[in-house]
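In what follows, a structure is listed as structure tokens, so that the remarks can point back to it.
Keep in mind the model is a prediction, meaning the values are calculated, not measured.
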Amino acid sequence: MLGKLIDKLKTGLTKTREGMVQKIREVIRRRPEIDEETLEEIEEILIEADIGVEPTLRIIDQLRERFETGEPVENPEIQEFLEEEIRKILLPSDTAPSIAITTKPHIILVVGVNGVGKTTTIGKMAHKLSREGKKVLFAAGDTFRAAAIDQLGIWADRTGSDIVQHQPGADAASVAFDAIQAARARDIDVVLIDTAGRLHTKINLMEEVKKIRRVVAKAMPGAPHETLLVLDATTGQNAVIQAKQFHSTVELTGLVLAKLDGTAKGGVVIAIADELDLPVRYVGLGEGVEDLHDFDPENFVRALFD
């Protein structure tokens, strides 16, 4: 199973590996001595991979200290160094291999802007939880889009999950409240609450998410037990900006990075870990229902540099 996951990660990180690791290898092949020009080229590659300015500058400074100017180096040395530095950034974060279901019903609030694959991610989470023997209920809280309610209904049928939904335009917080009451009555293990995904810069919409969170807490003290932000990995640094804004609004407990297989900017995982110290719970590595995977920093680094 682990071998298959590593292979899936390798495949999913192909564009990032080509855009970062292989380019750095080519720089060292052309310029086998560490000098300022070599460092500048490596710096540019890391920033283009969306690792982030601050962690990139730290890595370059460490490179400068590790290898004396003009000293000949080989690709394996640089690769081992980069693996070590990226591992240092990823491992200190409180990354859980999976969500721990500690309460029944366990309430998970899922937020994110339109177009990131939020509703699909919720469906894949339900599939994953169902495979683990959990009984799941959806709260169709994106009441602004009838299509989102319909899509969640399809996922409910597909995964054998329950669903609570109101008419389009209904109060989203009321949907969440009713879903928690239904979960208690139906002996549900996990409630997944979908939310509207309007632009995170719209104050009124962020206030709506805060309202849902307040109502959920009143309906069940201690809830939501997880507040997950779904991010589109292809947006690079914009994903970091979204994470910061949502975190300041609703106190995120973790992240889901979707579409990691479709981007050369997979370094954003490193940028997020460095700036926010929020765990990446899951990564999306394809369109299939089985393509949502627990994020493991060690496996990520191995797959990136393999």
To the nearest 0.5 Å, how far apart are [atom1] in [X] and [atom2] in [Y]?
X    : Y    : atom1 : atom2 : answer
E41  : T38  : CD    : OG1   : 6.5 Å
F300 : I270 : CZ    : CD1   : 5.0 Å
D194 : T119 : CG    : OG1   : 4.0 Å
R29  : E74  : CZ    : CD    : 14.0 Å

Do the side chains of [Y] and [X] get nearer than 4.5 Å, heavy atoms only?
X    : Y    : result
R281 : I108 : no
L255 : V230 : no
I193 : V110 : no
F138 : I122 : yes
L63  : I42  : yes
E226 : I107 : no
R145 : P168 : no
H127 : S130 : no

Shortest non-hydrogen contact between [X] and [Y], atoms and distance:
X    : Y    : value
R17  : K10  : NH2-O, 2.8 Å
L137 : A183 : CD1-N, 4.3 Å
E85  : Q62  : OE1-CG, 3.8 Å
V268 : A239 : CG2-CB, 4.2 Å

Item to complete: Please answer: with hydrophobic residues joined when any side-chain heavy atoms are less than 4.5 Å apart, are L278 and V280 in the same cluster?
Response: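 In one cluster with L278: V280, yes.
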Worksheet item: Can V191 be reached from I149 by stepping across I, L, V, M, F, W or Y side chains whose heavy atoms are under 4.5 Å apart?
Response: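 Unlinked, I149 and V191 end up in two clusters.
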Discussion item. So for atom CD, which belongs to E290, do other residues, nucleotides or ligands contribute more than 12 heavy atoms lying within a distance under 6.0 Å?
Written reply: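 Buried by this count: over 12 neighbours within 6.0 Å.
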Item to complete: Classify the side-chain pair H166/D178 by whether it contains a donor and acceptor separated by less than 3.5 Å.
Response: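 There is such a pair between these side chains.
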Worksheet entry | Any side-chain donor near an acceptor of the partner, Q242 and T235, under 3.5 Å | no
Practice prompt. Return the orientation label for the H106 and H225 ring planes: parallel under 30°, perpendicular over 60°, tilted otherwise.
Written response: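 Plane angle under 30°, so parallel.
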Discussion item. Please check: side-chain N/O of E43 versus main-chain N/O of I60, any donor-acceptor pairing under 3.5 Å?
Written reply: no
Discussion item. Before we go on, tell me: are the rings of F295 and Y282 under 6.0 Å apart, centre to centre?
Written reply: no
